[in-house]
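In what follows, a single structure is set out as structure tokens and then discussed.
Because only heavy atoms are used, hydrogens play no part in the values below, and waters and symmetry mates are left out as well, while side chains stay in. What you see is a predicted model; the values in this text were computed from it and never measured.
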Amino acid sequence: MSVDGPSYFLASLRRRMPAPIRLRELIRTIRTARTQAEEREMIQKECAAIRSSFREEDNTYRCRNVAKLLYMHMLGYPAHFGQLECLKLIASQKFTDKRIGYLGAMLLLDERQDVHLLMTNCIKNDLNHSTQYVQGLALCTLGCMGSSEMCRDLAGEVEKLLKTSNSYLRKKAALCAVHVIRKVPELMEMFLPATKNLLSEKNHGVLHTSVVLLTEMCERSPDMLAHFRKLVPQLVRILKNLIMSGYSPEHDVSGISDPFLQVRILRLLRILGKSDDDSSEAMNDILAQVATNTETSKNVGNAILYETVLTIMDIKSESGLRVLAINILGRFLLNNDKNIRYVALTSLLKTVQTDHNAVQRHRSTIVDCLKDLDVSIKRRAMELSFALVNGNNVRGMMKELLYFLDSCDPEFKADCASGVFLAAEKYAPSKRWHIDTVMRVLTTAGSYVRDDSVPNLIQLITNSVEMHAYTVQRLYKALLDDISQQPLVQVASWCIGEYGDLLLSGQCEEEEPIQVTEDEVLDVLEGLLASNLSTPVTRGYSLTAIMKLSTRFSSVNRIKKVVSVYGSSIDVELQQRAVEYNALFKKYDHMRPALLERMPIMEKTATNGPSEIVQTNGEAEPSAVEAKHPPPVAQPANQANDLLDLLGGNDVVPVIQTSMPTKPASAGGELLDLLGDLSLSGPAPAPSVPSSQPPFLLDGLSSQPLFNDIAPAGIPPMIAYNKNGLKIDFTFERANPNPNVAVITIHATNSTESEMTEFVFQAAVPKTFQLQLLSPSSNVVPALNQGSVTQVIRVLNPQKQQLRMRIKLTYTHKGSPVQDLSEVNNFPPQSWQ
Amino acid sequence: MMQFMLLFSRQGKLRLQKWYVPLSDKEKKKITRELVQTVLARKPKMCSFLEWRDLKVVYKRYASLYFCCAVENQDNELITLEIIHRYVELLDKYFGSVCELDIIFNFEKAYFILDEFLLGGEAQETSKKNVLKAIEQADLLQENVDFQTRLFAAPT
């Protein structure tokens, strides 16, 4: 057969591959597959065909093949071998090819692939193409997935197109510019000139994208923000036209004209008006107008209202407008549409700090949302409810929140429990209520409470001296019901160990005392030790509790037996404890009563300096309970010296009883090591706070003040506070006819280089005193001790108790606000006697 | 901005995926799988928004298709619902009473329409008419070129 001639031609035709199947055909075929395996087989076959076709460099069908590849890619199959083909399609002159090519590039290529840079040249050419739809394709692709390098290369082209009069291209160029700025922020400047008359466009597409571009620039650069503030009047005008103009069929959505543009303008106004009085004022009217005139029956109107509310809350709006905004949110809360309710709760959460009272008005609606079926709404409602708890509504709110805790999903329980504890601590109306609330949380959500709640609760219980009997009884009863919730069990064991004698004696006043015997109580505790449900930590608590009861109960032999059994426990921690306690019974029996006596009141401290001795009895994690050494408690009935509690949680007269720290007797090295620095002689070492004035402490002990005779006029001044360059001196006088009134003048000086402005001095005293603060001389403390701020305090001290004061200082220093709390305890005795 | 949009059926089959942030194929697959699972698990009475990772997800079901968008924290969820609705309206106008099958068999057209409506995660055109006109013109352009090609292509 000759090489040329018709027969050869016909033969070659026959040898040629059949045309690749069409896209629709392929989709139909693949959908008939009944199993995953069948589908995979079809796909593999087709991929092979496509690969050969690509190898043949067939221009005609490349487009069809890539389209098929894209379909298979969507089904989840690999399609990377089509990447280069996409590039070839983009380079083709046919519009169909370009369309599929660019789509393929957006789906298969991303900036991580090296090949993507090959697109840059094609895109550049297409950006200058004669057909706007081709330019559009290029702009779209660049704006969706352009890498930083591509953006750098092509930013100039985009900027050119931003200035074109063709609105089809201009709007795309604007969004492309946004993408360029996001990828390469340094290029933002170059787009500035082109933004000059963007807002004068009539075309809504250009307006919308321009507002997006302006928003992006203002968010990224404070200079741009300042520059674009002048656009506020123009934006207000555009928005006004949208609202006031009649029906515009092209942009109408349910009776509202171009809601998308309205929302974007409102968002830009928010950014421009924030922290700027003039801009905020300029937009006040239009915001009020939008807020009152927007139709709320459909989602689209509510979308605009939502954006309006966000804007009103963020800018410096007048109070009437803010109230309007919160009321809109209040109405949203009652809307049937749960999307609207969700959005309302989210917004209220943002504003609850600044507009607390206004949000309080909607409290009952918010609490109702706790019962909503939707998880997101429930979470928001819970967060908001906690933010709204205050001293007045705490009982009611806690009731609702505890009910919520009972029935909510596990994912909420931990947060809810913590929230309840925090709120109870801040606003508890009574100790009994506090303990009841805490118990309720432990019994309903016991396994979800955070680890630090056990020591916190133990501290709370210790401090509520009058509630000990009630507490231990309730906890005991709770244990009888359920021993699976570890935090509850741990607190209960600890309490039974401490107050088991109260349990036996049936002293409870708050409720019907129960009758238990020693054996019953020990049964319960031993049960905890033996139970599979108890964690090792819980077992530790139980063992120690049993041990403590050896000084409170009479069944010492039983306890001895239990302790010795655990001396050979596999659990090393338990074994150690048991061995030590055994030693207590044998060699150190004379120390046992003192060691195991009632725990003193513990105070919570913010700092835990290394020098502070942490009082433990070997069980509560030492770091969790930081006890500042409170007055020694030899008797259980010792009063809470709650100096930190200025609200006067209890009515006890604050008294310091101190004793000098006694050196721990060196009786048995190991015991000392294990029990830390616990003073073995019983009374705790002296509090570290007053220790800065030891002589005074000693004076305070004796009932006769040593300095009685000194004339009141000679009261020495004192330094009350000296930190960070701020020093506050107190000087005293008794110029008043009333001897019970001390007149203190504070002098605040500032030794730093910059002045302290907005200086506010506040003071609080324990309940038995009364305090009156007169106006300060000024609220600027000049730098470098060049002057001082003075203020007069009058303290009425009818009971002639030792004066203590807590002061709070707030001021602004070098531009940042500073706040500090401090205690003043070193008052000279003459000032209060 | 919108970070991505996913369309999937009630059985979890992906019908369209548009990503406006660069992610690897593996990450995209993982995100898709997770999100599809989460959205499909939602009960009908629940609200259309959910917090997912550090984004807000807005979803709506139209017949057998879920339209799911992930937007950033400062974006307005309610207007995102309107964006989804506008896209559905565009598809509906283009295909004439659109159904899932239309999107399956004409997925590339669905993408073209989306690309005329959104760009870089933001709306580029707020007029329905203009979007549809642009698509129409581009389709015509495609046809003209195809027509020419068909006349002169080698016989198969």
### Task
Under 4.5 Å heavy-atom distance to chain B, tell me which part of A:Met74 shows up: side chain, backbone, both or neither.
both

### Nearest atoms (heavy-atom pairs only) where B:Val71 meets B:Asp75
CB-OD2, 3.5 Å

### A:Tyr102 versus chain B, the contacting section by heavy-atom distance below 4.5 Å
neither

### Task
Let me know if A:Val343 has heavy atoms under 4.5 Å from chain B in its side chain, its backbone, both or neither.
side chain

### Residue B:Lys43 versus chain A: region with a heavy atom under 4.5 Å
neither

#### Entry: Contact origin within A:His204 toward chain B - heavy atom pairs under 4.5 Å
both

### Task
Tell me, for A:Asp258 versus chain B, whether the close heavy atoms (under 4.5 Å) come from the side chain, the backbone, both or neither.
side chain

### Query
Given a strict heavy-atom distance threshold of 4.5 Å, which part of A:Lys298 is in contact with chain B: side chain, backbone, both, or neither?
neither

#### Entry: Per-residue contact mode, A:Leu23 against chain B (heavy atom under 4.5 angstrom)
side chain

### Query
Given that the side chain runs from C-beta out, which part of A:Arg170 has a heavy atom under 4.5 Å from chain B: side chain, backbone, both or neither?
neither

### Query
Which bit of A:Thr131 comes within less than 4.5 Å of chain B, counting heavy atoms only: side chain, backbone, both or neither?
side chain

### Query
Can you say whether A:Arg182 sits under 4.5 Å from chain B via the side chain, the backbone, both, or neither, judging by heavy atoms?
side chain

#### Entry: B:Tyr59 six-ring face occupied by B:Arg42 cation (under 6.0 Å, within 45°)
no

